[in-house]
Visitor: 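Provided herewith is a single structure, encoded as structure tokens, for subsequent inquiry.
Bear in mind that the values here come from a model prediction, so they are computed numbers and not experimental data.
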Amino acid sequence: MKAPIWIAVIVAALFTLLGSVFVVKEGETAIVLNLGRVSRADLGPGLHFKVPLIENALVFDRRLQVLDATPERYLTSERKDVSVDFFSLGQIDDATAFFRATGGDESVAVNRLVPIVKDSLRNEINARTLQQVVSGDRSEMIDAQLEKINEGASTLGVRIVDLRIKQIDLPTDSEVINNVYARMSAQRRQVASALRAAGEEQSRQIRAEADREQTVLVAEAERDAQRLRGEGDAEAARTYASAANKDPAFYAFQRSLEAYRESFRDGQALIVLDQDDPFLQYLGNDR
């Protein structure tokens, strides 16, 4: 009869021991509640003890968590719509404040943090133009609001380490995207007109240079031709003069034959002359 009693005592002692021990892993923190009130907080990694049935331990993950949110629409300083898709990186900074604000429920913390982040982004985007929001330095825009975001997040025992903007879009159901496309098209047309004008100016310069070179080449060729023609005529005149001096009669005869050949080259020429015309002297002379 005594053995079963000792077994029951041992089993009860084991359950009591197991109920009084809890483990906090690396990257976690814990608080101990004594009848619902926080008695110990920010317990680090290791083996810890609590009073069974009276104290209760809550363990929280202190590692960075991604807090995602649905894309939000904002108005720029020009009253133009933009859709901003973002996410934030946060972690539990004060386990006691986190428990008191959310009861230890992370979903409650996320639902309360998202409006804080969205309102801060709204203030920053409302003060910027569309070009500054789309093409500006996003890290500068985030850094300007991160401190204000953490002021609100501190009431939840949470600290936002970083805020990242994944994408900034122009809503398709607004006129902003049409205005942007129209402005881009006008800029492209302006660039095209400038390039076309520059091309036409360069074309005119090339044509003018080519025309000038053509005129110079033609003038130089004509000059050389006239020089060569003059030299040839002079040489021919000297040849004719030398031949005439050697045999004037033969020279006259040769010149007359050339004249006959030119006159009757096509075979259809008709010349009406007097019988004693000097042009016919060699045709009627048998010498």
Visitor: What do you reckon, is CZ of Arg223 surrounded by more than 12 foreign heavy atoms closer than 6.0 Å?
Guide: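 Atom CZ in Arg223 is crowded, with more than 12 foreign heavy atoms closer than 6.0 Å.
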Visitor: Are Val82 and Ile125 packed together at the side-chain level, in the sense that at least one heavy-atom pair is separated by less than 4.5 angstrom?
Guide: yes
Visitor: Could you list the donor-acceptor pairs under 3.5 angstrom formed by side chains in residues 208-218, with sequence neighbours left out?
Guide:
{"unit_1": "Glu209", "atom_1": "OE2", "unit_2": "Arg212", "atom_2": "NH2", "d": "2.7"}
{"unit_1": "Thr215", "atom_1": "OG1", "unit_2": "Asp211", "atom_2": "O", "d": "2.9"}

Visitor: Only one of Val32, Leu43, Ile31 passes side-chain contact (heavy atoms from CB on, under 4.5 Å) with Leu58; say which it is.
Guide: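 Running side-chain contact (heavy atoms from CB on, under 4.5 Å) over Val32, Leu43, Ile31 with Leu58 returns exactly one hit, Ile31.
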Visitor: If you count heavy atoms of other groups shown closer than 6.0 angstrom to CD of Glu220, is the number above 12?
Guide: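 Enclosed.
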Visitor: Can you list the residues that meet the side-chain contact (heavy atoms from CB on, under 4.5 Å) rule with Arg112, with sequence neighbours excluded?
Guide: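 Scan of Arg112 (side-chain contact (heavy atoms from CB on, under 4.5 Å), adjacent residues dropped) gives Ala101, Val108, Leu156.
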Visitor: Which class fits the ring pair His48 and Phe22: parallel under 30°, tilted 30 to 60°, perpendicular over 60°?
Guide: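 It falls in the parallel class, under 30°.
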Visitor: Identify the two heavy atoms, one from Ala95 and one from Thr29, that lie closest to each other, and give their separation to 0.1 Å.
Guide: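 What the structure gives for the nearest pair is CB-CG2, 4.0 Å.
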Visitor: Of all residues at least two apart in sequence or in a different chain, which pass the side-chain hydrogen bond (donor to acceptor under 3.5 Å, both in side chains) check with Gln205?
Guide: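 Partners of Gln205 by the side-chain hydrogen bond (donor to acceptor under 3.5 Å, both in side chains) criterion, ordered by chain and then number, come out as Glu201.
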Visitor: Of the non-hydrogen atoms in Ser120 and Ile149, which two are nearest, and what is the gap between them?
Guide: OG-CG1, 3.3 Å
Visitor: Less than 4.0 Å between a side-chain N and a carboxylate O, is that true for Arg128 and Glu124?
Guide: yes
Visitor: Show which residues join Leu195 in its hydrophobic cluster (side-chain heavy-atom contacts under 4.5 Å, direct or indirect), or state none.
Guide: Val191
Visitor: Can you establish whether the number of heavy atoms outside Glu78 located under 6.0 Å from its atom CD is more than 12?
Guide: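 Correct, the count exceeds 12.
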Visitor: Taking side-chain contact (heavy atoms from CB on, under 4.5 Å) as the test, write out the residues that go with Pro71, two or more places apart.
Guide: Ser83, Asp85
Visitor: Give the C-alpha distance, both sets of side-chain angles, the deciding distance and a yes or no for side-chain hydrogen bond (donor to acceptor under 3.5 Å, both in side chains) between Gln91 and Arg159.
Guide: CA-CA 6 Å; Gln91 62 181 167; Arg159 182 171 63 91; 2.7 Å; yes
Visitor: List the steps and the verdict of salt bridge (charged side-chain N to carboxylate O under 4.0 Å, His left out) for Glu55 and Arg40.
Guide: CA-CA 10 Å; Glu55 293 184 334; Arg40 286 174 289 165; 3.1 Å; yes
Visitor: Applying side-chain contact (heavy atoms from CB on, under 4.5 Å), name anything that partners Arg227, two or more places apart in sequence or on another chain.
Guide: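 Asp224, Glu231.
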